[in-house]
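Below is one structure; the comments refer to it alone.
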Amino acid sequence: MEELVQRIKEDGRVLGEGVLKVDSFVTHQVDPNLMEAIGYRFAEVFADAGITKVVTIEASGIAPALFAAKKLDVPMIFARKAKSLTMDEELLTASVYSFTKQVTSQISISRKFLSSEDKVLIIDDFLANGQAAKGLVELCQQAGANVDGIGIVIEKSFQDGRVLLEEMGMRVVSLARIASLKNGEVDFLEGDA
Ligand code: 5GP
């Protein structure tokens with residue numbers, strides 16, 4: 001997605017350890033126009049998949065997922081990283097090792113929001129080693145829901161996430177694909193959409 005690639009070139013910053021900082025438009029301050037364009041692009045790509053729910057993980061997946069859900073006219077559900085006192089219903093849970101925080105945490109969604117009738121589009125801001133997306137797939141599978149696709153805003157293609165998800169039989173669509181972050185520079189591959 002050209003608009004996203006341009007924005008990463010302009011405002012993305014490479015940190016050591018293969019991390020891209022995009023806190024001025026995705027992960028902290030959020031550009032609503034760009035998020036809308038991203039969400040709508042995912043909705044376009046998956047328009048014929050019969051999606052009934054868009055699932056993401058808090059916090060940075062929420063903005064693109066919400067716009068995709070709006071365009072597809074279905075609910076958006078975000079998995080929570082911390083259990084809230086108000087989550088007194090039965091929960092779907094999975095363990096996720098966080099690439100950026102380097103800790104394992106439990107993510108959860110109330111069982112009442114997903115069922116075997118659902119066809120799910122998973123959306124996340126980054127794909128690195130695939131642990132967050134894999135955790136979301138596991139939550140959907142616990143509910144018997146079908147995962148019809150995974151939409152990623154920024155894929156770091158030099159890490160193992162895509163391979164892991166494709167080996168699980170998932171269709172992965174990334175709007176920006178990064179080949180390398182070496183020498184403080186961002187090298188792109190052709191994005192999927
Ligand atoms: P994974 O689970 O695929 O290893 O990592 C994906 C999660 O880690 C994303 O939800 C995102 O929050 C975070 N993440 C991974 N790599 C990066 C990165 O280079 N920059 C930022 N800002 N977040 C990242």
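Computed from a prediction, not measured in an experiment: that's the story for all the values here. Atoms within a ligand are numbered from 1 in the order they appear, just like the ligands themselves.
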Could you identify the single nearest non-hydrogen protein atom to atom 23 (N) of ligand 1 and state the distance to 0.1 Å? Phe126 CD1, 3.5 Å
Could you tell me the residue and atom name of the protein heavy atom closest to atom 14 (N) of ligand 1, and the distance to it rounded to 0.1 Å? Thr100 CG2, 3.6 Å
Out of all atoms in ligand 1, which are within 4.0 Å of some heavy atom of Phe99? Include the element for each. 4 (O), 5 (O), 15 (C), 16 (N)
Lys21 heavy atom under 4.0 Å from ligand 1: no
With a 4.0 Å cut-off on heavy atoms, is Ser60 in contact with ligand 1? no
For Ala128, take its heavy atoms, then give the atoms of ligand 1 lying under 4.0 Å from any of them. 1 (P), 3 (O), 4 (O), 5 (O), 15 (C), 16 (N)
Between Glu58 and Lys81 (salt bridge meaning N to carboxylate O under 4.0 Å), is one present in this structure? no
At what distance, to the nearest 0.5 angstrom, does CG of Asn33 lie from CD1 of Ile38? 11.0 Å
Do any nitrogen or oxygen atoms of Asn129 lie less than 3.5 angstrom from nitrogen or oxygen atoms of ligand 1? yes
Identify, for atom 17 (C) of ligand 1, the protein heavy atom at the shortest distance, and state residue, atom and that distance. Lys156 NZ, 3.5 Å
Under 3.5 Å, is there a donor-acceptor pair between the side chain of Gln142 and the main chain of Thr93? yes
Atom CZ of Phe46 and atom CD1 of Ile123: how far apart are they, to the nearest 0.5 Å? 8.0 Å
Is the shortest N/O to N/O distance between Thr27 and ligand 1 below 3.5 Å? no
For the 3.5 Å polar cut-off, considering only N or O atoms, please tell me whether Gly130 and ligand 1 meet it. yes
Any idea which protein heavy atom is nearest atom 10 (O) of ligand 1, and the distance to it? Asp124 OD2, 2.9 Å
Other members of the hydrophobic cluster containing Phe99, with the 4.5 Å side-chain heavy-atom rule, please. Leu15, Val19
Taking atom types as modelled, is there a side-chain donor on Gln6 or Glu2 under 3.5 Å from an acceptor on the other? yes
What I want to find out is whether Arg7 reaches Glu10 closely enough, with some N-O distance under 4.0 Å, to be called a salt bridge. no
Quick test: of every protein heavy atom, which one is nearest to atom 2 (O) of ligand 1, and how far off is it to 0.1 Å? Ala132 N, 2.8 Å
Any Asp125 heavy atom less than 4.0 Å to ligand 1: yes
For Ser60, does its backbone N or O pair with a side-chain atom of Thr27 as donor and acceptor, under 3.5 Å? no
How would you list all residue pairs meeting side-chain hydrogen bond (donor to acceptor under 3.5 Å, both in side chains) that involve residues 112-122, not counting sequence neighbours? Thr52-Asp118, Lys53-Asp118, Glu89-Lys112, Lys119-Asp148
Atom 20 (N) of ligand 1: which of Leu20, Thr56, Val22, Asp23 has the nearest heavy atom? Leu20
